[in-house]
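So that the names make sense, note that chain A is the first sequence line, chain B the second, and so on, each numbered from 1. Computed over heavy atoms, backbone and side chain alike; hydrogens, waters and symmetry mates excluded.
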Amino acid sequence: MAIQIIDHAFDPYHEIQRYQSTQPDYLGAIGATSIFIGTMRDFNQGSQVTGMSIEHYPGMTEKQLSLCVEKAQGLWSILDSLIIHRVGTITPNEVIVLIAVWSSHRGDAFDATRYIMEALKSTVPFWKKECLDADAERWVTSNTSGYQ
Amino acid sequence: MAIQIIDHAFDPYHEIQRYQSTQPDYLGAIGATSIFIGTMRDFNQGSQVTGMSIEHYPGMTEKQLSLCVEKAQGLWSILDSLIIHRVGTITPNEVIVLIAVWSSHRGDAFDATRYIMEALKSTVPFWKKECLDADAERWVTSNTSGYQ
Amino acid sequence: MSIKVYYFASLKEHVGHSEHELEFIQSLTVKEVWFEANADLALPKNTLAAVNMEYVDWNSLVIDGDVVAFFPPVTGG
Amino acid sequence: MSIKVYYFASLKEHVGHSEHELEFIQSLTVKEVWFEANADLALPKNTLAAVNMEYVDWNSLVIDGDVVAFFPPVTGG
């Protein structure tokens with residue numbers, strides 16, 4: 001299990017492959033890998049968005065992310081997981097968050113990935129501020145639910 | 001949207017990156033990428049499994065996979081999708097299936113990926129035969145549900 | 001009229017071949033095609049049928065030139 | 001006793017600083033900490049509170065050495 005908060009752009013596929021190379025023990029037990037990648041869009045709530053900055057609460061961020069993973073581990077059978085979240089200045093098309101979950105069975109992998117993502121969105125202390133143009137910016141005030 | 005049936009081992013991350021490089025039009029609209037990777041385990045239904053061969057019905061396979069994607073498109077808002085499925089001889093740890101779905105919103109991406117996976121498992125004409133050792137082999141007779 | 005019949009996976013092993021051509025005069029249902037082609041063989045439980053690569057009901061009618069396929073439950077993914 | 005108070009995101013802008021130290025004699029609830037520190041400021045709706053990096057109820061008691069944080073609803077992911 002790994003949790004990383006990073007302040008520079010990253011390639012999620014490269015990070016997954018790098019992380020996977022460290023997990024040979026249960027390789028033959030992995031039947032399902034579920035991955036979610038959240039990317040910055042260039043349009044949100046009716047406005048063109050040119051950039052974004054993400055603030056966080058160092059320490060509490062890692063603590064709450066660990067809690068999300070622990071809760072998922074209590075609910076489903078997980079072999080491993082990797083979470084990476086960006087902070088700092090971000091431009092459109094860059095990855096904001098990566099969640100990867102490895103499991104023997106697909107139901108566990110799907111459910112745990114989605115659970116961790118929703119828990120992250122509602123409990124982990126990150127805050128987004130959008131840049132609308134050179135002068136204007138606005139705090140994103142709430143996350144929508146990922147379930148309809 | 002792309003559907004590929006291939007008879008050799010592939011790196012799912014490499015294939016996703018390659019496919020993504022062909023989709024610049026709506027790049028800024030992508031907020032969510034949901035990926036599922038099904039991998040061959042070395043243990044199933046109480047036995048050590050040393051290899052597997054996957055038979056399929058050429059033509060009907062592609063037709064039914066397209067139908068899975070069309071139905072998902074009718075139910076959720078999807079920007080793009082990629083499905084790759086192995087046929088032929090497979091060894092443990094190799095990827096059997098890759099499903100990637102790109103969407104503006106995470107709910108659509110999660111739901112569509114899972115729907116396509118379950119639809120594939122129940123309707124697309126692939127059949128697995130497991131090699132248990134040098135002499136023994138057995139057909140997998142049914143897929144389990146991915147929902148509990 | 002003439003139709004082509006395919007068998008896949010365990011059903012191919014059960015019937016002993018992967019395909020054959022059937023010639024007959026009157027119109028047949030998919031179920032009748034099975035028994036026409038495999039008079040001496042039990043129809044395994046859960047066998048699926050497709051005509052022209054689409055799933056069909058066992059009572060649907062087959063017409064000249066159709067491609068019929070019989071196979072066990074699918075196990076991909 | 002002494003506690004540290006942090007503010008994040010829009011709340012940091014609202015109160016005008018990111019942190020301060022509070023010294024007081026009697027035990028306080030989290031809600032009392034807010035009004036002790038920001039007597040002249042309205043408490044924005046939906047503000048969340050954490051003590052030592054764990055979410056807390058606004059009526060929970062703060063003890064010497066605690067780190068209290070106030071912030072708006074989180075918007076990561």
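For A:Leu132, the CG atom counts as densely surrounded, since its 6.0 Å shell holds more than 12 non-hydrogen atoms of other residues, nucleotides or ligands. Other residues, nucleotides and ligands contribute over 12 non-hydrogen atoms within 6.0 Å of the NZ atom of A:Lys129.
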Please report, to 0.1 Å, the donor-acceptor pairs under 3.5 Å made by any side chain of residues 43-53 of chain D, with sequence neighbours excluded.
| residue | atom | partner | partner atom | Å |
| --- | --- | --- | --- | --- |
| D:Thr47 | OG1 | D:Pro44 | O | 2.6 |
| D:Asn52 | OD1 | D:Val67 | N | 2.9 |
| D:Asn52 | ND2 | D:Asp66 | OD1 | 3.0 |

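Among residues 18-36 of chain D, no residue has any heavy atom closer than 4.5 Å to a heavy atom of chain A.
Contacts between A:Ser122 and chain D at a heavy-atom distance below 4.5 Å involve the backbone alone (N, CA, C, O). With a 4.5 angstrom heavy-atom cutoff, D:Glu13 touches chain A only via side-chain atoms. Using a 4.5 Å cut-off between heavy atoms, A:Val140 contacts chain D through both its backbone and its side chain. Residue A:Ile54 does not touch chain D at all, counting heavy-atom pairs closer than 4.5 Å. Only the side chain of A:Lys63 comes within less than 4.5 Å of a heavy atom of chain D; its backbone N, CA, C and O stay farther away.
Of the residues considered (A:Met117, A:His56, A:His85), A:His85 shows the highest number of contacts with chain D, using heavy-atom pairs under 4.5 Å. Highest contact tally toward chain D, considering only A:Leu120, A:Val87, A:Ile96, A:Thr123, is held by A:Thr123 [criterion: heavy-atom pairs under 4.5 Å]. Listed options A:Ile99, A:Asn143, A:Val97 were ranked by heavy-atom pairs under 4.5 angstrom with chain D; first place goes to A:Asn143.
Between the CD atom in A:Glu55 and the OG atom in D:Ser10 there is a gap of 9.0 Å [rounded to 0.5 Å].
The heavy-atom pair separating D:Pro73 from A:Thr141 by the smallest distance is CB-O, 3.9 Å. Summarising the geometry of D:Val74 relative to A:Pro125, their closest heavy-atom pair is CG1-CA, 3.6 Å, with the distance given to 0.1 Å.
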message: A:Phe126 vs D:Thr75, test: side chain to side chain contact (heavy atoms under 4.5 Å, CB included). Steps then yes/no.
response: CA-CA 6 Å; A:Phe126 293 110; D:Thr75 56; 5.9 Å; no

task: Report the C-alpha distance between A:Met60 and D:Tyr55 in whole Å, list the side-chain angles of each, state the deciding distance to 0.1 Å, and finish with yes or no for side chain to side chain contact (heavy atoms under 4.5 Å, CB included).
output: CA-CA 10 Å; A:Met60 182 165 175; D:Tyr55 286 99; 3.6 Å; yes

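In this structure, A:Trp127 and D:Phe8 have parallel ring planes: the angle between them is below the 30° cut-off, well short of the 60° mark.
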